[in-house]
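Remember, predicted model here, so these are calculated numbers, not experimental data. Lettering follows sequence order; numbering is per chain, from 1.
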There are 2 protein chains.
Amino acid sequence: MKWDTLDEEPCSLSRTVAVVGDRWTLLILRECFLRVRRFEGFQSSLQITRHLLSERLKKLVRFGILRRVPYSEAPKRYEYILTQKGLDLYPIIMAMVHWGDTHMGDERGRPMLHEHKTCGKLFDPVMVCSECGEVLHAKQVHVHAGPGRNEAVG
Amino acid sequence: MKWDTLDEEPCSLSRTVAVVGDRWTLLILRECFLRVRRFEGFQSSLQITRHLLSERLKKLVRFGILRRVPYSEAPKRYEYILTQKGLDLYPIIMAMVHWGDTHMGDERGRPMLHEHKTCGKLFDPVMVCSECGEVLHAKQVHVHAGPGRNEAVG
DNA sequence: AGGCTATAGTTCTAAAATAGAACTGTCAAA
DNA sequence: TTTGACAGTTCTATTTTAGAACTATAGCCT
């Protein structure tokens, strides 16, 4: 498995890792969900080098996660907005935040709390089965090869 | 924000990224969930270099994601087993697989299908609110600083 | 006009991480 | 005694990332 062709692997995890699985990308996306849109905004809140930020933004645009939208004509300036494909990354981010809350916390308590506007309560994200609605656990899931698989694995 | 102290940031996403956010780690964990336990097993299915595999397994053991358990006394041999902390990474992996299924697919269809043993059906993972059970969307969530936060962000 | 600031990058060198291959050590089986 | 399986370690070369300085456009102030 090669890193530069990871997005062509017959594995949806590999393909996702090809997009968000490198240094900084997930942190940039966190800022996007916190309504940051501009180069200087990302750079100052993340302390990422300008060079790498530029590379990562290009990559996210190339993969259709962000759109580069002009907000000033002279001088020409752009901001970066999440597409629907980008918004759909939200469950990944939330799953990671929840794991961090649960397993990487310290005595000071959670860094962030999440309020569900729909019900008005502070919540945790929970992953359930689309068919029966039960909470998912690794040991209750059986994996089958699907049509897009060309070799038998696991 | 520095990469070698990312696990000390007052942000649960950063802390999770510190553990699973580097090259190969999530793919190694995928193999763990597919019941791979041994060095040669990881190496042959991932084509990762032996050096890096060794590093990553050490790191996962250090963070308490995997346990290194002897399975042979002479010669001394070990296998790597997911701890509860490791098993709890399942929603992250599933969220990534689902996003890949949705947004990175090709004409051949899904590489893998998932069956929920509890209800017997093929399913997708869905992220819901722990309080009201509704499906979560980024725009319906409001973020507050929690007690573990020492600066105002977002 | 001349200089300051803001924004969004690009370009350079040095340091760190990763790739790729070969090597080590233990033991069992042929 | 030789071969093979397993679980690593060690080495050099390449790629990525860090860190800092530099470029370019334009508004605003004096």
- request: Output yes when at least one side-chain N/O atom of A/Trp24 is less than 4.0 Å from OP1 or OP2 of D/dT16, else no.
  value: no

- request: Let me know the distance between CZ of B/Phe39 and P of C/dG25, rounded to the nearest Å.
  value: 17 Å

message: From the set D/dT9, D/dT17, C/dT7, return the single nucleotide nearest to any side-chain atom of A/Tyr71.
response: C/dT7

message: According to side chain to side chain contact (heavy atoms under 4.5 Å, CB included), who are the partners of A/His116, at least two apart in sequence or on a separate chain?
response: A/Thr118, A/Cys119, A/Phe123, B/Cys129, B/Cys132, B/Glu134, B/Leu136, B/Gln140

query: In whole angstroms, how far is the C1' atom of C/dA6 from the CD atom of A/Glu79?
result: 15 Å

- prompt: Mind checking who shares a hydrophobic cluster with B/Leu122, ILVMFWY linked at side-chain heavy-atom distances under 4.5 Å?
  reply: B/Leu113

task: Sort and list the pairs that fulfil side chain to side chain donor-acceptor pair (under 3.5 Å) and have at least one residue in residues 33-43 of chain A, not counting sequence neighbours.
output: A/Arg38-A/Glu79, A/Glu40-A/Arg50

Output a table of nitrogen or oxygen pairs between the protein and nucleotides 20-28 of chain D separated by less than 3.5 Å.
from, atom 1, to, atom 2, distance (Å)
D/dT25, O2, A/Arg77, NH2, 3.3

Could you list the donor-acceptor pairs under 3.5 angstrom formed between side-chain atoms of residues 98-105 of chain A and any protein atom two or more places apart in sequence or on another chain?
from, atom 1, to, atom 2, distance (Å)
A/Trp99, NE1, B/Lys85, O, 3.0
A/Asp101, OD1, B/Ser12, OG, 2.5
A/Thr102, OG1, A/His98, O, 2.8
A/His103, NE2, B/Asp88, OD2, 2.6

task: Indicate whether OP1 or OP2 belonging to C/dG9 is found under 4.0 Å from a side-chain N or O atom of A/Arg68.
output: yes

Integer-rounded Å distance: D/dC11 C1' and B/Leu52 CG: 15 Å

- prompt: Just to confirm, is there a sub-4.0 Å distance from OP1 or OP2 of D/dA7 to any side-chain nitrogen or oxygen of B/Arg37?
  reply: no

field: Spacing between B/Glu55 atom CD and D/dC11 atom C1', to the nearest angstrom
entry: 14 Å

Length of the NZ-P vector between A/Lys59 and D/dT16, whole Å: 10 Å

Output side-chain donor-acceptor pairs under 3.5 Å for residues 61-74 of chain B, partner residues at least two apart or in another chain, one line each.
from, atom 1, to, atom 2, distance (Å)
B/Arg68, NE, B/Tyr80, OH, 3.3
B/Ser72, OG, B/Pro75, O, 2.6
B/Glu73, OE1, B/Lys76, NZ, 3.0

- prompt: To the nearest Å, how far apart are A/Leu46 CG and D/dT17 P?
  reply: 15 Å

query: Between B/Arg30 (side chain) and B/Ile93 (backbone), is there a donor-acceptor pair under 3.5 Å?
result: no

- prompt: Rounded to whole angstroms, how far apart are CE on A/Met1 and C1' on C/dA19?
  reply: 15 Å

message: Ring-plane angle category for A/Phe33 and A/Tyr90, please: parallel below 30°, perpendicular beyond 60°, tilted otherwise.
response: tilted

query: Does OP1 or OP2 of C/dT10 have a side-chain N or O of A/Lys58 closer than 4.0 Å?
result: yes

- prompt: Reckon A/Tyr80 touches a base, only the sugar-phosphate, or nothing at all at heavy-atom distances under 4.0 Å?
  reply: sugar-phosphate

- prompt: Atom CH2 of A/Trp3 and atom P of C/dA19: how far apart are they, to the nearest Å?
  reply: 8 Å

